[in-house]
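Reading through the structure tokens given below for one structure.
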Amino acid sequence: MTRPPTVDIREVGPRDGLQVEAPVDPGDRVRLVEALVEAGVSHVEACSFVSPTAVPAMAGAGEVMAKLSRVSGVTYTALVPNRKGAEMALEAGVDELTVTVSASPAYSEKNVRMSIDESVAAVEEVCVLAGTVPVDAVISCAFGSPYEGDIAPERAAALGDRLVDAGAVSLTYADTTGMATPRRVAELLDETGTEVGLHLHDTRGTALVNAYSALERGVRRFDTSVGGLGGSPFAAGAAGNLATEDFVALLDDLGVVSGIDLERLLAASALAAELVGHPLPSRVAVAGPRDRLAPE
Ligand code: COA
Ligand code: ZN
């Protein structure tokens with residue numbers, strides 16, 4: 001068993017989570033990020049610099065970054081689809097950029113209105129512009145899409161290689177529409193090795209078991225979303241991300257250090273539910289931690 005002693009959780013709720021919701025104003029998005037940091041989250045995808053016509057809920061990203069108080073040891077990431085987004089994000093002082101390139105040609109067109117080749121070229125431009133700011137390339141639909149069905153692990157891994165050649169310092173494989181299973185995670189990791197991040201969605205109820213299977217093989221980087229918020233407005237049938245609190249509860253039980261305090265995280269999750277105005281899918285948010293006793 002190669003389970004790591006610590007993991008890096010990149011919290012994507014303020015971006016992937018909120019992008020599918022009715023717009024939440026920048027001040028409240030900042031409150032959510034700060035509640036997450038208060039809970040011990042040290043890596044947050046805080047916003048995306050994208051066309052406000054394409055994703056109205058992410059408008060005001062510059063304002064979010066300007067209002068966020070900087071905390072030592074906390075990394076703020078922003079997703080950018082192109083050069084313009086990268087310029088705006090760097091100007092706003094982000095610590096890391098994520099760029100997304102799809103392994104699915106159809107999703108690529110829907111999401112960023114670019115072919116895969118055009119999108120790889122955009123990553124190359126973004127990496128040059130980023131200079132010393134690290135760029136993590138997120139390969140969306142890495143396990144498949146509703147438009148093409150399964151995508152072979154060799155194909156997803158080959159796209160990853162191209163993105164490293166384009167200048168990305170790290171890779172994250174995303175299961176945008178919940179096509180992964182533990183078997184398919186293992187097949188992908190056989191191609192890529194375990195020095196990659198995973199971004200898992202729970203569309204078919206497999207996010208936690210997929211994360212667990214990857215953890216047991218030694219993967220140390222995971223994207224999760226508070227409350228299990230999330231999805232893509234550009235993929236049919238996309239659902240929420242792996243819930244941060246569900247994963248943290250599992251890690252606590254295994255003795256794997258995430259640095260996140262579960263009770264405080266649940267307070268951030270309650271704030272997220274209040275801001276979006278509906279209950280969130282996380283199981284632990286509903287049931288509470290295992291060691292919390294029912295009132296007499
Ligand atoms: N941020 C803000 N505005 C941007 C932008 C960015 N990163 N990139 C382009 N724009 C603006 C352009 O300036 C232009 O504005 P104008 O009409 O006022 O002149 C407008 O958007 C259209 O620009 P164009 O280059 O023709 O883009 P497009 O319409 O082909 O859309 C993207 C391409 C990539 C900008 C758009 O599809 C997008 O933002 N996608 C992101 C989707 C996303 O966030 N998905 C979630 C990831 S899982
Ligand atoms: Zn996602």
Side-chain angles (χ1 to χ4, degrees), residues 9-21 23 44-65 77-92 94 97-104 106-116 118-123 125-126 129-130 136-146 172-180 197-204 206-207 210-211 221-244 247 281:
I9 291 187
R10 181 168 61 190
E11 166 63 52
V12 299
R15 197 280 301 169
D16 202 341
L18 294 184
Q19 74 183 3
V20 284
E21 301 287 342
V44 188
E45 194 171 64
C47 54
S48 55
F49 289 84
V50 299
S51 156
T53 316
V55 190
M58 286 293 107
E63 196 180 332
V64 169
M65 285 308 303
T77 302
L79 180 144
V80 300
N82 56 14
R83 183 190 177 92
K84 175 166 181 167
E87 282 168 353
M88 293 168 79
L90 293 165
E91 176 72 32
V94 304
L97 294 174
T98 49
V99 286
T100 173
V101 174
S102 183
S104 148
Y107 179 75
S108 185
E109 293 287 352
K110 287 180 199 291
N111 189 34
V112 289
R113 300 159 67 100
M114 290 184 247
S115 68
I116 293 174
E118 286 166 342
S119 190
V120 172
V123 169
E125 259 190 290
V126 167
L129 212 62
D136 180 54
V138 180
I139 296 135
S140 57
C141 297
F143 295 89
S145 85
T172 297
Y173 288 88
D175 185 21
T176 310
T177 61
M179 309 276 286
L198 287 180
H199 173 116
L200 301 164
H201 280 262
D202 202 33
T203 320
R204 294 180 176 77
T206 56
N210 288 338
R221 290 198 291 114
F222 294 89
D223 285 358
T224 64
S225 171
V226 63
L229 273 170
S232 169
F234 308 100
N241 284 270
L242 171 58
T244 310
F247 193 42

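Keep in mind that what you see is a predicted model, and the values were worked out from it rather than measured. Whatever order the structure lists them in is the order used to number ligands and atoms, beginning at 1.
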Could you go through the side chain to side chain contact (heavy atoms under 4.5 Å, CB included) check for His199 and Asp16 one step at a time? CA-CA 10 Å; His199 173 116; Asp16 202 341; 2.8 Å; yes
With 2.8 Å as the threshold, which protein atoms of type N, O or S lie near the Zn ion (ligand 2)? Leave waters out. Asp16 OD2, His199 NE2, His201 NE2
Show your reasoning for whether side chain to side chain contact (heavy atoms under 4.5 Å, CB included) applies to Thr172 and Asp223. CA-CA 9 Å; Thr172 297; Asp223 285 358; 3.9 Å; yes
For Leu129 against Ala86, the heavy-atom pair lying closest together: CD2-CB, 3.8 Å
What I want to check is whether the side chains of Gln19 and Ser48 have a donor and an acceptor closer together than 3.5 Å. no
Over all heavy atoms of both residues, which pair between Ser104 and Ser145 is shortest? Give the atoms and the distance, please. OG-OG, 3.4 Å
Output for pair (Leu200 CG, Met179 CE), nearest 0.5 Å, gives 14.0 Å
Which N/O atoms of ligand 1 sit under 3.5 Å from a protein N/O, and at what distances?
unit_1, atom_1, unit_2, atom_2, d
ligand 1, 1 (N), Val50, O, 3.2
ligand 1, 7 (N), Phe49, O, 2.9
ligand 1, 7 (N), Asn82, OD1, 3.0
ligand 1, 7 (N), Gly85, N, 3.2
ligand 1, 8 (N), Asn82, ND2, 2.9
ligand 1, 13 (O), Lys84, NZ, 2.9
ligand 1, 29 (O), Arg113, NE, 3.4
ligand 1, 30 (O), Arg113, NE, 3.1
ligand 1, 37 (O), Asn111, O, 3.4
ligand 1, 39 (O), Ser51, N, 2.8
ligand 1, 40 (N), Asn111, O, 3.2
ligand 1, 45 (N), Asn111, OD1, 2.7

So which of Thr244, Asp136, Thr77 actually passes side-chain hydrogen bond (donor to acceptor under 3.5 Å, both in side chains) with Arg10? Asp136
Residues at least two apart in sequence or cross-chain that pass side-chain contact (heavy atoms from CB on, under 4.5 Å) with Ala103, listed by chain then number, are Ile139, Ile151, Leu159
In short, salt bridge (charged side-chain N to carboxylate O under 4.0 Å, His left out) pairs touching residues 137-146 with sequence neighbours left out are none
